Amino acid sequence: MQGVITTEETTDNPTCQLFCKASQRAYEELCLWNPLYCTKNNSNISLNETFDFIATINMYKDLPEKNCTNLRVSNVTFSYGNIHRPACKKLLKTSCIASCQHPALNELLHESDNYDISPTDFTYQFHFFLWTTIVSWICMAVVVSIADSICFNLLGNERRKDYGKQKMWGSIGFGIFGISAGYLVDIFSEGQFQKDYTCIFFMMLVFMILDIIMSARLKKKNPECSEEPSMLRELLTVTKEPNIWIFGWWCIGAGMCTGVIWNFLLWHTENVATFTQTKWIKTLQGLLIGTQCFLAEMPFNFLSGSILKKFGHINIMSLVLLIYSIRFMTYSLISNPWLFLPLEILHGPSYGLCWPTMVSYGDKVTPPGTQSTIQGFIGSIFEGIGVSSGTLLCGWIMDVYGGVEAFRIFSVGALIWLSIFWFMQLLLRKIYSTQGHNHLASYANPDDAILMTISQELQTY
């Protein structure tokens with residue numbers, strides 16, 4: 001074990017008893033702490049001689065480095081009882097045997113010892129979890145897209161603006177089980193260093209069975225056209241319009257930002273949490289999800305139809321990327337994870353408006369009877385390209401530079417993506433104006449009318 005000795009106050013004060021191999025270089029450093037070590041030299045240091053002390057460690061300021069873990073030590077206590085606040089002039093490397101009473105410290109040192117284990121040594125449980133997770137995500141991506149299409153079909157033409165009100169119920173369910181799941185994990189993990197997630201899997205099993213039963217009872221309305229259209233023809237019909245490509249650009253950017261929130265926000269809370277904050281970290285994460293759902297998503301889902309009608313799809317798309325940029329930068333500036341709770345209100349005008357805007361816009365620009373194909377196409381862009389690439393990129397940045405830098409990079413990236421989106425919109429507006437499509441110049445009017453003529457020319461903005 002390699003120690004980086006600095007002065008650091010801790011509230012929990014976990015300690016380790018260290019027995020370290022003696023050397024003249026070690027005694028030269030220890031001489032600064034106690035004159036007893038100043039008389040030592042190579043001639044009177046035995047081969048198996050050691051020096052021992054008790055180190056008070058802040059394990060949440062550790063720095064993993066290959067097969068070593070650099071630990072921050074607030075003070076050391078030697079056998080004669082004196083307490084020192086150490087400060088090293090030069091880096092000291094020596095082998096030590098550490099005996100720690102704290103289970104988290106033992107786990108940290110164990111992980112450091114096993115750093116060089118080959119990836120092929122992963123257990124069958126890991127592989128089983130990995131592949132079931134992959135299958136689960138594939139199925140979920142398909143189900144979400146099809147569910148949106150079914151929802152629009154059940155609402156009918158006259159009530160399509162109420163999609164957000166239906167989506168609101170998903171936020172309610174997500175919030176209830178997010179809060180309860182986080183609390184239950186902390187309760188069942190009492191006294192354990194590793195969190196126990198067993199109860200979550202049983203909850204999921206029960207409610208997934210109920211979900212399947214309810215879904216099987218849905219009765220889909222008659223399709224809008226009797227003839228089964230060609231999927232390729234549907235895509236070519238819609239994607240030949242330049243504003244659909246711009247919409248795809250926005251979907252990818254929004255998906256990348258959403259992927260960061262889905263996969264790394266809770267991870268980031270654990271990285272910035274101090275030791276005393278980790279006992280109820282899962283409860284905090286559940287409250288974050290609850291805040292996102294009840295105070296952010298739910299009201300914006302409910303009002304999304306009115307908001308889109310008043311401000312227009314294009315303006316809301318721009319607002320989504322702008323709010324994501326603000327959120328990411330604020331995350332990088334906050335050091336107390338409990339302060340993330342009020343910030344999650346911004347989840348409403350970002351993701352809370354993102355999904356209704358995306359599926360509503362996609363539904364408006366599609367020919368009759370092609371909603372399922374287009375919703376699947378939008379889902380593939382949003383999740384298949386946006387979420388996956390954003391998650392992969394953020395994971396790499398967090399590994400190399402850390403969570404703070406990752407969120408700052410994505411904050412700047414969201415602004416750049418928004419700028420390109422606006423540039424393409426203005427360029428498209430100019431092109432349409434020069435071609436005599438003056439009706440397109442009213443950029444994002446309140447009604448945001450997106451109509452389709454017989455020739456499938458999109459009358460938008």
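Every value quoted in this text rests on a predicted model; they were computed, and no experiment measured them.
Remark: I307 CD1 to N315 CG distance equals 12.5 Å, nearest 0.5 Å. Of the inter-residue distances, the one linking F311 atom CZ with L319 atom CG reads 9.0 Å to the nearest 0.5 angstrom. Distance check, rounded to the nearest 0.5 Å: SG of C251 to CD of E383 gives 11.0 Å. Interatomic distance, CZ of F128 versus OG1 of T133, reported as 9.5 Å (0.5 Å rounding). With rounding to the nearest 0.5 Å, the separation of CD1 in I316 from NZ in K310 is 11.0 Å. Residue L288 holds its CG atom at 10.5 Å from CD1 of I261, rounded to the nearest 0.5 Å.
Partners of L392 under the side-chain contact (heavy atoms from CB on, under 4.5 Å) rule, at least two apart in sequence or in another chain, do not exist in this structure.
For A406 against C394, the heavy-atom pair with the smallest separation is CB-SG, 4.2 Å. Of all non-hydrogen atoms in S388 and I385, the two that sit nearest each other are OG-O, 3.4 Å. Across all non-hydrogen atoms, the minimal contact from I200 to A181 is CD1-CB, 3.3 Å. Closest approach of M203 and F177 over heavy atoms only: CE-CD2, 3.5 Å. Across every non-hydrogen atom of L321 and G253, the tightest pair is CD2-C, 4.1 Å. Nearest heavy atoms, T330 versus I326: OG1-O, 2.8 Å.
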* **L284 and L341: CA distance, side-chain angles, deciding distance, side-chain contact (heavy atoms from CB on, under 4.5 Å) verdict** => CA-CA 8 Å; L284 168 60; L341 282 172; 4.1 Å; yes
* Asked: For I378 and F247, what are the C-alpha separation, side-chain angles and deciding distance, and is it a side-chain contact (heavy atoms from CB on, under 4.5 Å)?
  -> CA-CA 9 Å; I378 293 173; F247 174 56; 3.9 Å; yes
* To do: Start with the C-alpha distance between F207 and D211, add both sets of side-chain angles, then the distance that settles side-chain contact (heavy atoms from CB on, under 4.5 Å), and finish with yes or no.
  => CA-CA 6 Å; F207 285 98; D211 188 44; over 6 Å; no
* Asked: Is there a side-chain contact (heavy atoms from CB on, under 4.5 Å) between L346 and Y324 once you walk through the steps?
  -> CA-CA 8 Å; L346 294 179; Y324 267 129; over 6 Å; no
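For the residue pair T56 and T15, no side-chain donor N or O sits within less than 3.5 Å of a side-chain acceptor on the partner. Between the side chains of E297 and Q292, no donor-acceptor pair is found at a separation under 3.5 Å.
Within 6.0 Å of the CH2 atom in W338, the count of heavy atoms belonging to other residues, nucleotides or ligands exceeds 12. More than 12 heavy atoms of other residues, nucleotides or ligands lie within 6.0 Å of CZ in F264, so this atom counts as buried by the packing criterion. Counted within 6.0 Å of CE on M204, heavy atoms from surrounding residues, nucleotides or ligands total 12 or fewer; the atom is thus considered open.
At least one donor-acceptor pair under 3.5 Å links the side chain of S350 to the backbone N or O of H347. Without hydrogens or angle criteria, T132 side chain to F129 main chain gives a donor-acceptor distance under 3.5 Å. Side-chain atoms of W250 do not come within 3.5 Å of backbone N or O of M358 as any donor-acceptor pair. Not one N or O on the side chain of N263 forms a donor-acceptor pair closer than 3.5 Å with the backbone of T391. When atom types are taken as modelled, the side chain of N301 and the backbone of Q166 share no donor-acceptor pair closer than 3.5 angstrom. Side-chain N or O atoms of S318 include one that pairs as donor or acceptor with a backbone N or O of I314 at under 3.5 Å.
Using a 4.5 Å heavy-atom cutoff, the side chains of L266 and I289 are in contact. By the 4.5 Å heavy-atom criterion applied to side chains, F340 and T269 are counted as neighbours. The shortest distance between side-chain heavy atoms of F188 and T198 does not fall below 4.5 Å. Using a 4.5 Å heavy-atom cutoff, the side chains of W249 and W417 are in contact. D196 places none of its side-chain heavy atoms less than 4.5 Å from the side chain of V185. Taking 4.5 Å as the limit, some side-chain heavy atom of T258 sits within range of a side-chain heavy atom of F382. Using a 4.5 Å heavy-atom cutoff, the side chains of T283 and I187 are not in contact. Within the 4.5 Å cutoff, side-chain heavy atoms of Y361 are placed close to those of N243.
Below 30°, between 30° and 60°, or above 60°: for F407 and F328 the angle between ring planes is between 30° and 60°, a tilted geometry.
The one candidate from L343, I179, I345 that meets the side chain to side chain contact (heavy atoms under 4.5 Å, CB included) condition with T291 is I345.
Aromatic pair Y331/H268: centroids not less than 6.0 angstrom apart.
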